Amino acid sequence: MIAFAAALMASTPMAEKPAACGIELIVLGAGQDAGAPQIGNADDTGPRLLPSSLAIADHVTGERFLFDATPAITEQLALLDSLAPTRDGLGVDGVFITHAHIGHYLGLAYFGREAAGASNVPVFAMPRMAQFLRTNGPWSQLSELENIEIVELHHDGSIQLTKQIEVWQRKVPHRDEYSETVAFIVTVAGKKILYAPDFDGWPELQGLADAKDDRPLYLEMMEVLAQLEVVDYAFIDATFWDDNELPGRDMSEIPHPRVTESMDLLETIPADKRAQVFFIHYNHTNPIRDPNSPESKQVLERGFGIARRGMRLCLSETHAIDGAELQMEQDQR
Ligand SMILES: [Zn+2]
Ligand SMILES: [Zn+2]
């Protein structure tokens, strides 16, 4: 009977697919805003980096959501198309923007009439970010021509995207020239994913924690992350490896948590949870950019993970059982 089921599977297009997954997280980029090689670094022969972005793809409904819209969005959507094919040309059902730094929102421009000519793609943004988009070209034109539809988010608020997907947002300390900066906590079928690609550092979060009104931020970002009892997967800012990374520059002026510091802080959490912390948003100078570097090996040896473009996590397995796979299960009984 199993052989029959296998034959049935082979005769269906679904047999081409890897193990069934209902809702999947796909890493579309893991670099800092400028990627790598960075502009002006033609002699950089290290591994290529695209700016940080995550996709959540529902293989049953075909819905696809992006977290950050990077300048490399064309290539990143092509990658997404190859792993989670779309129902239509663009196939973007919503974009969540963390903040107005180039790696996180410039990709929205490709929804305009010079490129996709999209129709009312929901763009989820905090109030200052939303105002920035509405009042500055070319973003204002995207809104006026209804290529995008701006949906305002609020600190410590959440939005139920689909039956299975909910997104919460929390403000985090960062250089907020044009917008707030947020971390997102995405709940998919009961699993929680923290996406915090940019924040000033752990002491800065601690500082906010002491202000009573930001206690929820502290809970989500420190206690919860440190214990990982609520968050299942965490993607956190790993812009720099340590304070010696940019010779000749005062790195205190570029606040970000250092990878070495984050590992020290989080090393007491249980090994199975530690393995679900992924470093993301690494600068072109960060040695974890190279999977074979001693620093990358050190991260893995200490039990943490490093986000890499193309990485996939299945968040909900049962959501996607199709007819053929059900048949197979019955046959095996
Ligand atoms: Zn950034
Ligand atoms: Zn930033």
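Keep in mind it's a predicted model, so treat the numbers as computed, not measured. Atoms within each ligand, like the ligands themselves, are counted from 1 in listed order.
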Going by the salt bridge (charged side-chain N to carboxylate O under 4.0 Å, His left out) test, name the single residue among Asp200, Asp264, Asp237, Asp243 that passes it with Arg258.
Asp243
Compute the centroid of each ring, for Trp241 and then for Tyr282, and state whether the two points are separated by less than 6.0 Å.
no
Are Leu161 and Glu166 close enough that some pair of their side-chain heavy atoms sits under 4.5 Å apart?
no
Partners of Asn41 by side chain to side chain donor-acceptor pair (under 3.5 Å), sequence neighbours excluded?
none
Side chain to side chain contact (heavy atoms under 4.5 Å, CB included) between Ile236 and Leu194, worked out
CA-CA 8 Å; Ile236 58 174; Leu194 170 70; 4.2 Å; yes
How many protein N, O or S atoms sit closer than 2.8 Å to the Zn ion (ligand 1)?
4
With a 4.0 Å cut-off on N to O distance, would you call Arg274 and Glu267 a salt bridge?
no
